[in-house]
Engineer: 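Here it is, the structure in full.
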Amino acid sequence: DFEIIKANLAKRNITFVVVRDLGPDQRAMYFSTNIISGQTFLVELKFKSGMNVCKITIKAANKQLSEAVKNVVEKSIS
């Protein structure tokens, strides 16, 4: 449920931005977060109808920190 995901990520200061339909059977949720150093990360969660999986993509300049943010997101939505 998207509302549960939004609430769980909000607890980690990951702010909901928008939900987009990517096609007839796929949706994406977008979030944004900043860390103490001031870096911003865009979080993309893709869902396909009928499948109980989520693809997580983190977009940011720092790849190492992106992996850390991805781990936090994974733990928050599982």
Side-chain angles (χ1 to χ4, degrees):
D1 180 73
F2 287 169
E3 294 304 316
I4 293 171
I5 291 171
K6 287 195 278 187
N8 288 343
L9 292 176
K11 292 176 188 174
R12 301 283 191 165
N13 295 321
I14 301 173
T15 305
F16 173 72
V17 177
V18 69
V19 173
R20 298 220 188 257
D21 288 325
L22 304 177
D25 64 344
Q26 193 173 25
R27 295 178 89 186
M29 296 179 79
Y30 294 91
F31 297 83
S32 177
T33 190
N34 297 312
I35 60 171
I36 294 171
S37 66
Q39 293 184 28
T40 301
F41 296 84
L42 175 66
V43 178
E44 178 186 68
L45 305 179
K46 286 186 181 177
F47 302 89
K48 193 166 187 170
S49 296
M51 299 185 75
N52 195 24
V53 294
C54 169
K55 180 180 178 191
I56 301 170
T57 304
I58 309 297
K59 299 182 182 188
N62 187 316
K63 185 170 174 78
Q64 254 184 341
L65 289 176
S66 293
E67 284 299 316
V69 171
K70 185 176 180 179
N71 290 335
V72 169
V73 171
E74 286 175 346
K75 290 176 184 174
S76 297
I77 65 172
S78 59

Engineer: Taking the side chain as every heavy atom from C-beta outward, state whether Arg27 and Val19 have any pair of such atoms under 4.5 Å apart.
Structural biologist: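 Answer yes - side chains close enough.
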Engineer: In terms of ring plane angle, is the pair Phe16 and Phe31 parallel, tilted or perpendicular, where the classes change at 30° and 60°?
Structural biologist: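 Rings of Phe16 and Phe31: perpendicular, over 60°.
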Engineer: Quick one, Lys6 with Met29, criterion side-chain contact (heavy atoms from CB on, under 4.5 Å). Give me CA distance, side-chain angles, the key distance, then yes/no.
Structural biologist: CA-CA 9 Å; Lys6 287 195 278 187; Met29 296 179 79; 3.6 Å; yes
Engineer: For Gln64, is the CD atom crowded, meaning more than 12 foreign heavy atoms sit under 6.0 Å from it?
Structural biologist: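 Count not over threshold, so no.
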Engineer: Taking atom NZ of Lys46 and atom CE of Met51, what is their separation to the nearest 0.5 Å?
Structural biologist: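 The distance works out to 13.5 Å.
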Engineer: Between Glu74 and Ile56, does a side-chain contact (heavy atoms from CB on, under 4.5 Å) hold up when you go through it step by step?
Structural biologist: CA-CA 8 Å; Glu74 286 175 346; Ile56 301 170; 3.3 Å; yes
Engineer: Tell me, with the steps shown, if Phe41 and Ile14 meet side-chain contact (heavy atoms from CB on, under 4.5 Å).
Structural biologist: CA-CA 9 Å; Phe41 296 84; Ile14 301 173; over 6 Å; no
Engineer: Could you report the tightest heavy-atom contact between Val17 and Ser32, atom names first, then the distance?
Structural biologist: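 Closest heavy-atom pair between Val17 and Ser32: CG2-N, 3.8 Å.
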Engineer: Roughly how far apart are Ile35 CD1 and Leu65 CG, rounded to 0.5 Å?
Structural biologist: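 Taking CD1 in Ile35 and CG in Leu65, the distance rounds to 4.5 Å.
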Engineer: Measuring only between side-chain heavy atoms, which start at C-beta, is Val73 closer than 4.5 Å to Thr33?
Structural biologist: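 They are not in side-chain contact.
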Engineer: What do the steps show when you test Phe47 against Ile5 for side-chain contact (heavy atoms from CB on, under 4.5 Å), and what is the final call?
Structural biologist: CA-CA 12 Å; Phe47 302 89; Ile5 291 171; 3.6 Å; yes
Engineer: Nearest 0.5 Å please: distance from the OG1 atom of Thr57 over to the CG atom of Leu42.
Structural biologist: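 The distance works out to 9.0 Å.
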Engineer: Here's a test for you: under side chain to side chain donor-acceptor pair (under 3.5 Å), which of Thr40, Thr15, Asn13 qualifies with Asn34?
Structural biologist: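 Among the candidates, only Thr40 passes.
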